[in-house]
Engineer: 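First the structure, then my questions, so here it is.
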Amino acid sequence: MLLSGKKGLVIGVANKHSIAWAIAQSVSNQGAQLLFNYQNERLRENVEELVATMPGAKAFPCDVGNDAEIAALMQHAQKEFGRLDFLVHSVAFAPREELTGQFVNTTRQGFAIALDVSAYSLVAVTKAALPLMTDGGSIVTLTYLGAERVVQHYNVMGVAKAALEASVRYLAHDLGPKNIRVNAISAGPIKTLAARGVSGISKMVDHHKEFAPLRRATEQGEVGDTALFLVSPLGRGITGEVIYVDGGYHILGSLASME
């Protein structure tokens with residue numbers, strides 16, 4: 001039980017296919033107590049049904065684009081747990097129309113939304129959680145290879161993920177003296193609710209299965225177990241890193257077309 005007695009907050013569960021839910025299952029199985037958010041009333045029922053299957057877990061409303069709601073979520077965490085040992089940030093969004101066609105056609109508003117929700121929200125929730133991380137801790141976020149290589153139709157999300165990865169490094173530098181570690185997991189393409197907004201996601205998954213060294217799709221559970229490692233004492237010497245969980249796809253020297 002690597003996380004016996006540890007208390008965590010998981011932000012970003014939308015349904016049972018969410019990477020955030022796979023992470024929650026991995027850490028819960030190792031003894032962690034968890035709190036969750038749901039973005040809005042539309043997702044509330046989905047999240048609460050899942051949370052009800054996890055002993056002692058609770059969910060509270062929080063849209064990470066709203067600082068007041070972030071503050072309220074941390075107040076709930078303070079009341080329920082008194083402290084946080086780890087935080088999982090699994091949130092990304094860009095308007096669907098920005099994830100088709102060419103990046104050059106990205107709108108100013110679409111760019112701002114993608115960067116705010118997908119990158120700045122990590123900074124916002126980290127800052128709000130700091131007063132609760134009194135004994136150090138671990139923060140994990142989710143990124144994707146499109147942050148460093150061109151992936152068709154990923155467009156502004158690639159730029160947002162690049163900003164997210166840079167934020168991980170700056171936060172790791174700031175928070176290291178407090179014994180708070182900040183890392184990102186770069187997962188292979190997975191058909192989550194958020195990923196469905198990316199044009200051609202099914203082709204991306206099929207391409208990954210064909211060319212990744214392990215010749216299979218990335219599974220949510222693989223990402224969950226890597227997050228478990230990062231938030232547990234086993235990952236105590238790692239911060240500011242991007243860890244790839246993509247069957248080795250990122251090592252390839254050239255990427256075949258996904259047309």
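Nothing fancy with the numbering, it's 1 onward along the sequence.
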Engineer: If I take atom CD1 from residue Ile243 and atom CD1 from residue Ile238, how far apart are they, to the nearest 0.5 angstrom?
Structural biologist: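 Between atom CD1 of Ile243 and atom CD1 of Ile238 there are 4.5 Å.
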
Engineer: Write down the atom of Ala217, the atom of His208, and the distance for their closest heavy-atom approach.
Structural biologist: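 Nearest pair, atom of Ala217 first, then His208: CA-CD2, 4.1 Å.
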
Engineer: Of all the heavy-atom pairs spanning Ala20 and Ser90, show the shortest one and how long it is.
Structural biologist: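 That would be CB-CB, 3.7 Å.
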
Engineer: Do the non-hydrogen side-chain atoms of Asn40 and Arg44 ever get within less than 4.5 Å of each other?
Structural biologist: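 Asn40 vs Arg44: side chains apart.
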
Engineer: Do the non-hydrogen side-chain atoms of Ser118 and Met157 ever get within less than 4.5 Å of each other?
Structural biologist: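 With C-beta onward as the side chain, the pair touches.
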
Engineer: Counting only N and O atoms by type, is there a donor-acceptor contact under 3.5 Å from the side chain of Asn183 to the main-chain atoms of Gly240?
Structural biologist: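 Looks like yes, one N/O pair under 3.5 Å.
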
Engineer: Under 3.5 Å, side chain of Ser138 to main-chain N/O of Phe86, donor-acceptor pair present?
Structural biologist: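 Side chain of Ser138 to backbone of Phe86: no pair is present.
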
Engineer: Provide the closest heavy-atom pair for Ile70 versus Ala128 in the form atom of the first, atom of the second, distance.
Structural biologist: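 Ile70 and Ala128 have their closest heavy atoms at CG2-CB, 3.5 Å.
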
Engineer: Answer with yes or no whether the hydrophobic clustering places Leu87 together with Ile180; edges join I, L, V, M, F, W, Y residues whose side-chain heavy atoms lie under 4.5 Å apart.
Structural biologist: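 Both belong to a single hydrophobic cluster.
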
Engineer: Quick one: closest heavy-atom pair of Val168 and Ala184, and the distance?
Structural biologist: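 Where Val168 meets Ala184 most closely, the heavy atoms are CG2-CB, 4.0 Å.
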
Engineer: One pair to check against side-chain contact (heavy atoms from CB on, under 4.5 Å): Leu3 and Val231. What are the steps and the verdict?
Structural biologist: CA-CA 8 Å; Leu3 299 177; Val231 304; 3.9 Å; yes

Engineer: Not counting sequence neighbours, which residues clear ring-ring contact (aromatic ring centres under 6.0 Å, His included) with Phe36? List them please.
Structural biologist: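 With neighbours one apart ignored, the set is Trp21.
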
Engineer: Does Ile11 belong to the same Ile/Leu/Val/Met/Phe/Trp/Tyr cluster as Tyr38, with side-chain heavy atoms less than 4.5 Å apart forming each link?
Structural biologist: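 Ile11 does not cluster with Tyr38.
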
Engineer: With a 4.5 Å cut-off on side-chain heavy atoms, are Tyr244 and Ile251 touching?
Structural biologist: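 The answer is no, as the side chains (C-beta and beyond) never meet within the 4.5 Å cut-off.
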
Engineer: Is a side-chain N or O of Arg181 found less than 3.5 angstrom from the main chain of Leu230, in a donor-acceptor match?
Structural biologist: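 Side chain of Arg181 to backbone of Leu230: a pair is present.
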
Engineer: Scan the side chains in residues 76-83 for donor-acceptor partners under 3.5 Å anywhere in the protein, sequence neighbours excluded, and list what turns up.
Structural biologist:
residue: Glu80; atom: OE1; partner: Lys58; partner atom: NZ; Å: 3.2
residue: Glu80; atom: OE2; partner: Lys58; partner atom: NZ; Å: 3.2
residue: Arg83; atom: NE; partner: Asp85; partner atom: OD1; Å: 3.1
residue: Arg83; atom: NE; partner: Asp85; partner atom: OD2; Å: 3.3
residue: Arg83; atom: NH2; partner: Gly5; partner atom: O; Å: 3.0
residue: Arg83; atom: NH2; partner: Asp85; partner atom: OD2; Å: 3.0

Engineer: Do any side-chain atoms of residues 105-117 form donor-acceptor pairs under 3.5 angstrom with protein atoms, and if so which ones, sequence neighbours left out?
Structural biologist:
residue: Thr106; atom: OG1; partner: Phe103; partner atom: O; Å: 2.6
residue: Thr107; atom: OG1; partner: Glu98; partner atom: OE2; Å: 2.5
residue: Thr107; atom: OG1; partner: Gly110; partner atom: N; Å: 2.9

Engineer: How many angstroms lie between atom OG of Ser167 and atom NE2 of His89, to the nearest 0.5 angstrom?
Structural biologist: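 Separation between the atoms: 9.5 Å.
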
Engineer: Please check: side-chain N/O of Gln220 versus main-chain N/O of His17, any donor-acceptor pairing under 3.5 Å?
Structural biologist: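 Yes; judged by distance alone, with no hydrogens or angles, the pair exists.
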
Engineer: Is Leu84 reachable from Leu130 through a run of I, L, V, M, F, W or Y residues, each pair having side-chain heavy atoms under 4.5 Å apart?
Structural biologist: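 Yes, same cluster.
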
Engineer: Which pairs pass salt bridge (Lys or Arg N to Asp or Glu O under 4.0 Å) with one or both residues in residues 210-222, sequence neighbours excluded?
Structural biologist: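 Every pair satisfying salt bridge (Lys or Arg N to Asp or Glu O under 4.0 Å) with a residue in residues 210-222: Arg216-Glu222.
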
Engineer: State the CD1-OG1 distance between Ile185 and Thr226, to the nearest 0.5 angstrom.
Structural biologist: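 Rounded to the nearest 0.5 Å, the CD1-OG1 separation comes out at 5.5 Å.
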
Engineer: To the nearest 0.5 Å, how far apart are CG in Leu34 and CD in Gln25?
Structural biologist: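 The CG atom of Leu34 sits 10.5 Å away from the CD atom of Gln25.
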
Engineer: Under 3.5 Å, is there a donor-acceptor pair linking the side chains of His250 and Tyr144?
Structural biologist: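 Side chains of His250 and Tyr144: no pair found under 3.5 Å.
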
Engineer: Indicate, with yes or no, if Val242 and Leu164 share a hydrophobic cluster defined by side-chain heavy-atom contacts under 4.5 Å among Ile, Leu, Val, Met, Phe, Trp and Tyr.
Structural biologist: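 No, because Leu164 and Val242 fall into different hydrophobic clusters, even though each may have its own neighbours under 4.5 Å.
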
Engineer: If you round to the nearest 0.5 Å, how far is CE of Met54 from CG of Leu50?
Structural biologist: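 Output value for this atom pair is 8.5 Å.
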
Engineer: By the salt bridge (Lys or Arg N to Asp or Glu O under 4.0 Å) test, which pairs, at least two apart or in different chains, include something from residues 225-250?
Structural biologist: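 Residue pairs with at least one partner in residues 225-250: there are none.
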
Engineer: Under the side-chain contact (heavy atoms from CB on, under 4.5 Å) criterion, do Val88 and Leu9 qualify, and how do the steps go?
Structural biologist: CA-CA 6 Å; Val88 175; Leu9 172 61; over 6 Å; no

Engineer: Can you check whether Phe229's main-chain N or O pairs, donor with acceptor, with Ser232's side chain at less than 3.5 Å?
Structural biologist: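 Checking the backbone N and O of Phe229 against the side chain of Ser232, a donor-acceptor pair under 3.5 Å is found.
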
Engineer: Run the side-chain contact (heavy atoms from CB on, under 4.5 Å) test on Leu73 and Leu35 for me, step by step, so that the C-alpha distance in whole Å, both residues' side-chain angles and the decisive distance to 0.1 Å come before the verdict.
Structural biologist: CA-CA 9 Å; Leu73 178 63; Leu35 297 178; over 6 Å; no

Engineer: Output, in order, the C-alpha distance, side-chain angles, deciding distance and verdict of side-chain contact (heavy atoms from CB on, under 4.5 Å) for Gln30 and Leu228.
Structural biologist: CA-CA 8 Å; Gln30 287 297 316; Leu228 165 62; 3.7 Å; yes

Engineer: Picking from Val64, Leu122, Val125, Asn37, what satisfies side-chain contact (heavy atoms from CB on, under 4.5 Å) with Val91?
Structural biologist: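 Passing option: Val64.
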
Engineer: Return the minimal non-hydrogen interatomic distance between Thr218 and Gly188, and the atom names on each side.
Structural biologist: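 Result for this residue pair: OG1-CA, 3.4 Å.
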
Engineer: From Gln39 CD over to Phe93 CZ, what is the distance, rounded to the nearest 0.5 angstrom?
Structural biologist: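 If I round to the nearest 0.5 Å, the distance is 8.0 Å.
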
Engineer: Could you tell me whether the side chain of Val51 reaches within less than 4.5 Å of the side chain of Val47, counting heavy atoms only?
Structural biologist: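 In contact.
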
Engineer: Do Met74 and Leu171 sit in the same hydrophobic cluster, where Ile, Leu, Val, Met, Phe, Trp and Tyr count as joined when their side-chain heavy atoms come under 4.5 Å apart?
Structural biologist: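 Yes, Met74 connects to Leu171 through the hydrophobic network.
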
Engineer: Between Asp174 and Pro177, what is the shortest heavy-atom contact and its length?
Structural biologist: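 Asp174 and Pro177 have their closest heavy atoms at O-CD, 3.5 Å.
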
Engineer: Short question: side chain of Thr239, backbone of Ala172 - any donor-acceptor pair under 3.5 Å?
Structural biologist: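 Side chain of Thr239 to backbone of Ala172: no pair is present.
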
Engineer: Which pairs with one or both residues in residues 7-25 pass salt bridge (Lys or Arg N to Asp or Glu O under 4.0 Å), sequence neighbours excluded?
Structural biologist: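 Every candidate salt bridge (Lys or Arg N to Asp or Glu O under 4.0 Å) pair involving residues 7-25 fails, so no pair, neighbours aside, qualifies.
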
Engineer: Are the side chain of Asn155 and the backbone N or O of Thr100 linked by a donor-acceptor pair below 3.5 Å?
Structural biologist: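 Pair found, side chain donor or acceptor close to backbone of Thr100.
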
